[in-house]
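Working notes, structure below.
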Amino acid sequence: MGANTSQVSDLSDNPSLKTLVGTESISENDPFWNQLISFTFISPTSSGDSKLLEEAVIPLAKILIENNPRSGNFGALVRIFLGRTKELKISTECQDQLFIWQAHNALFMIRCLLKVFIREMSEEELHLQFSYQERAPGSCEETGSEDLLEELLSNLIHLIVEVPLLDITYSILFEAVTTLLVFFSYQLFNKDILRDGLIYQHIMKGRCLSLTSRLVKTLLYNFIRQEKCPPPATHIFEQKAEGGLLYGLASGVASGLWSVFTLGGAGNKAGVDQEHNPLPLSNQSLLLLLVLANLTDGPDWPNPYRQAITCFRNTQDTSSMSAEQPHTFQINFNSLYTALCEQQRSDQATLLLYTLLHQNANMRTYMLSRTDMDNLVLPILEILYHVEDRNSHHVYMALIILLILTEDDAFNRSVHEVELKNITWYTERTLTEISLGSLLILVVIRTIQFNMTRTRDKYLHTNCLAALANMSAQFRCLHQYAAQRIISLFALLSKKHNKVLEQATQSLRGRQGDNTALPDYAQDLNVIEEVIRMMLEIINSCLCNSLHHNPNLVYALLYKRELFEQFRTHPSFQDIMQNLDTVIGFFSQRLEQAGSDLSVERVQEVIMKGAQALPTDRLKKFPELKFKYVEEDQPEDFFIPYVWSLVFNAGVGLHWSPHGIELFSMDSG
């Protein structure tokens, strides 16, 4: 950074940087600025190298903080950048790579300094750093003629929405998105959720407000396009032997293009490089979109970015725009759906999918109308299947998405009509052919069993069972293995119930006359019985609504009929057990009449014929099982720490943020 600098170790001795952070004011017309932003720099290739860069910048930034009130050089650097942004569109059209490269370098320097400024000072103090400017030779004062901070924020948004995404603009667009994230990173240094402030005011109410829908649309399209970072240019300009303005330009452009991966922190693990994170602009745009969408509402105005996300429409929608939705826009739903299906490996893509399903009725309707829902559901199921490798919030998001999808009866029917072959990531058993619905049941049951033995999280249990309950009335042609796993889960719950009951009994016997506190077995027993009741209702719902479609479930029920004996007279289950007793008794009698030593095929034949003969009025009707996801159960800012944990992992804040790790470590549940 700085003219002709080639590595991190050179920064502290670089004469141009020393001049920038020194006490002398530098006129904006001084050739120094061209020299400063025409640097060649060997960029970091790992998270560790990025941290080294930050550590090298910190002492320089601290010197600038001390001297800037006299020199105004930081404001001058910002104005140098702003002067170049005015010509960026023309430069792009003219393929003026020199101009774009210098603008990128100026913004990169601003971002590196801002990361330190935000750590070291309040927003009010940061605003002062922008306001100092040269007034007369040797003196520098504040100026009220312009708000340079708001000007920079506004220009960054204009840059993002107006400059087309090309190979030559990729790096500066990435810098613009990342710099906006850095501005918001004050949250990383505060234990409380920030609900106001200068930057918040500028973004929510200032000149930036009119660009709300265009910014959200552009960020979404950046996510949709999934553009890889272009390869380094090699022969843009001939290197000048004598140095000067064009010295090292070719390698400088190459360095700039490839540096954005680590300098902006596109990954969340040490050593992540371009090969593993080839989509930095897409990833960073999505993070900025989630940050904007989760800003809290003002005291008398709603978050305009959340409004834009919740009301945008399909490009094929020809109806007129509603005046009640000032920030609405149109976007290609097919392209967005495809990108969502392809990117569910990341927390942020799953969070975007949740946001759209839950808050944008247009997008939810479109998704549920798709005939290729397997492309969306399979990645979600894979997240749940690898639950032990995922953080708890990613798992919760995946479960809530399934719960929202299963609220729709058409979805619950259609998943059983989609046949899948050779699900390679499901390793418990070879599944050569299975319906999407049966696979969904298998994965959810596996998640419940994992939770029972590991995390024991009631919230996770509740969402899993709610999704199964929503689907139960539309269970169709359940795979033999899926039917077995439903009954196996009930067997596991039954065994756990008996164990807790036995522990409670033994504890009471062994502590007669002992006044010390007993373990709360009653509460444990109550939780297990609630889950058992839910499982019985799920089985009952399937038998009452689609018994003739599910011979495999009846077969599994008969095979393990002894499991249900103990619950027949239990006061919590007597009512629901009536139907199961009826079904078990009816088919058991049919099998006895068919003779002894029946083959599996013969048993299935008897069950299928019996299912047609069983009068439906013999089964007691229960209210339909329907569960809805209710966000009101969570505080307004529930997702803000989660979003900022993703931003922190992306390296936007300083790597050693004092409060960030403590506040935004989300795996604690």
Side-chain angles (χ1 to χ4, degrees), residues 368 373 377 402-419 434-445 448 462-490 493 531-561 563-564 567 573-588 590 604 606-629:
L368 290 169
M373 279 296 291
V377 176
L402 285 185
L403 180 56
I404 293 172
L405 292 173
T406 60
E407 292 172 11
D408 184 76
D409 287 339
F411 170 84
N412 295 331
R413 288 190 296 270
S414 66
V415 289
H416 294 289
E417 298 168 0
V418 178
E419 290 297 324
I434 189 172
S435 71
L436 179 60
S438 289
L439 180 64
L440 195 159
I441 293 167
L442 284 175
V443 172
V444 171
I445 288 175
I448 294 173
T462 301
N463 281 282
C464 286
L465 292 169
L468 290 177
N470 285 345
M471 295 177 64
S472 59
Q474 279 85 32
F475 282 172
R476 294 289 188 276
C477 303
L478 291 184
H479 191 279
Q480 179 184 0
Y481 186 51
Q484 290 173 6
R485 298 307 295 164
I486 291 173
I487 304 304
S488 295
L489 176 58
F490 186 85
L493 291 167
V531 177
I532 289 175
R533 169 81 189 190
M534 185 71 124
M535 282 301 300
L536 288 172
E537 289 181 346
I538 289 168
I539 295 170
N540 177 72
S541 175
C542 175
L543 296 177
C544 289
N545 292 282
S546 55
L547 184 147
H548 58 289
H549 289 300
N550 292 290
N552 285 332
L553 182 61
V554 176
Y555 184 98
L557 193 64
L558 293 172
Y559 190 74
K560 293 287 186 179
R561 71 189 80 177
L563 286 173
F564 301 90
F567 300 107
F573 311 121
Q574 276 182 320
D575 58 338
I576 203 76
M577 280 300 302
Q578 291 179 16
N579 282 346
L580 271 71
D581 279 344
T582 299
V583 171
I584 290 172
F586 177 82
F587 283 99
S588 295
R590 286 261 173 168
Q604 290 176 333
V606 171
I607 290 173
M608 292 180 71
K609 289 183 178 179
Q612 303 296 329
L614 178 64
T616 55
D617 57 2
R618 289 185 58 180
L619 299 179
K620 179 182 176 181
K621 297 297 181 184
F622 285 84
E624 182 183 12
L625 293 178
K626 272 299 172 188
F627 294 87
K628 291 182 70 69
Y629 169 67

Closest heavy-atom pair, R590 versus A613, reported as atoms and distance to 0.1 Å, is NH2-CB, 3.2 Å
CG-CG distance between L402 and N463, expressed to the nearest 0.5 angstrom
9.5 Å
Is there a side-chain contact between L619 and V583 (heavy atoms, below 4.5 Å)?
yes
Among V418, I441, L442, which one satisfies side chain to side chain contact (heavy atoms under 4.5 Å, CB included) with I434?
L442
Kindly indicate whether the side chain of L405, heavy atoms from C-beta on, has any atom under 4.5 Å from the side chain of V415.
no
Around atom NZ of K609, are there more than 12 heavy atoms from other residues, nucleotides or ligands closer than 6.0 Å?
no
Please round to the nearest 0.5 Å and tell me the distance separating atom OG of S472 and atom CG of N540.
9.0 Å
Check whether D408 reaches the backbone of F411 with its side chain - one donor and one acceptor, N or O, closer than 3.5 Å.
yes
Spatial distance of atom CG (L625) from atom OG1 (T406) [nearest 0.5 Å]:
11.5 Å
Can you check side chain to side chain contact (heavy atoms under 4.5 Å, CB included) on V444 and L440, steps first, answer last?
CA-CA 6 Å; V444 171; L440 195 159; 3.8 Å; yes
Contact check, side chains of D409 and K626, non-hydrogen atoms, under 4.5 Å
yes
Closest non-hydrogen atom pair between P551 and M608, with its separation:
CB-CG, 3.9 Å
Just by modelled atom types, is the Y629 backbone N or O under 3.5 Å from a matching donor or acceptor in the E407 side chain?
yes
Looking at side-chain heavy atoms only, is the closest gap between R485 and V443 below 4.5 Å?
no
Return yes if some donor-acceptor pair links the side-chain N/O of N579 with the main-chain N/O of K620 below 3.5 Å, else return no.
yes
Spacing of L489 atom CG and Q484 atom CD [to the nearest 0.5 Å]
13.5 Å
Looking at I538, is its backbone amide N or carbonyl O close enough to the side chain of S541 to form a donor-acceptor pair, meaning the two atoms are under 3.5 Å apart?
no
Which pair of heavy atoms, one from A469 and one from F627, lies closest together, and at what distance?
CB-CE1, 3.6 Å
Check whether any side-chain N or O of S546 sits under 3.5 Å from a backbone N or O of F475 as a donor-acceptor pair, and report yes or no.
yes
Once rounded to the nearest 0.5 Å, what's the spacing between atom CG of L536 and atom CZ of F573?
6.5 Å
Check whether T582 reaches the backbone of Q578 with its side chain - one donor and one acceptor, N or O, closer than 3.5 Å.
yes
Take R476 and E417, measure what side chain to side chain contact (heavy atoms under 4.5 Å, CB included) needs, and give me the verdict at the end.
CA-CA 8 Å; R476 294 289 188 276; E417 298 168 0; over 6 Å; no
Side-chain contact test, heavy atoms from C-beta onward, threshold under 4.5 Å: evaluate it for I607 versus N552 and give yes or no.
no
Under the side chain to side chain contact (heavy atoms under 4.5 Å, CB included) rule, what do L478 and H549 come out as? Steps first, then yes or no, please.
CA-CA 8 Å; L478 291 184; H549 289 300; over 6 Å; no
Between Y555 and Y559, what is the ring plane arrangement, given parallel below 30°, perpendicular above 60°, and tilted in between?
parallel
Quick one: do I486 and L468 satisfy side chain to side chain contact (heavy atoms under 4.5 Å, CB included)? Show the steps, please.
CA-CA 10 Å; I486 291 173; L468 290 177; over 6 Å; no
Under the 3.5 angstrom rule, does the side chain of R561 hit a backbone N or O of L558 as a donor-acceptor pair?
yes
Look only at the side chain of N412 and the backbone of N470, and say whether a donor-acceptor pair between them is shorter than 3.5 Å.
yes
For the pair F490 and F564, name the ring-plane relationship: parallel under 30°, tilted 30 to 60°, perpendicular over 60°.
parallel
Output the distance between atom CD (Q612) and atom CG (L547), rounded to the nearest 0.5 Å.
9.5 Å
What are the two closest non-hydrogen atoms of C477 and N550, and how far apart are they?
N-OD1, 3.3 Å
Is the number of heavy atoms from other residues, nucleotides or ligands within 6.0 Å of NZ (K621) greater than 12?
yes
Side chains of F567 and I576: closer than 4.5 Å at any heavy-atom pair?
no
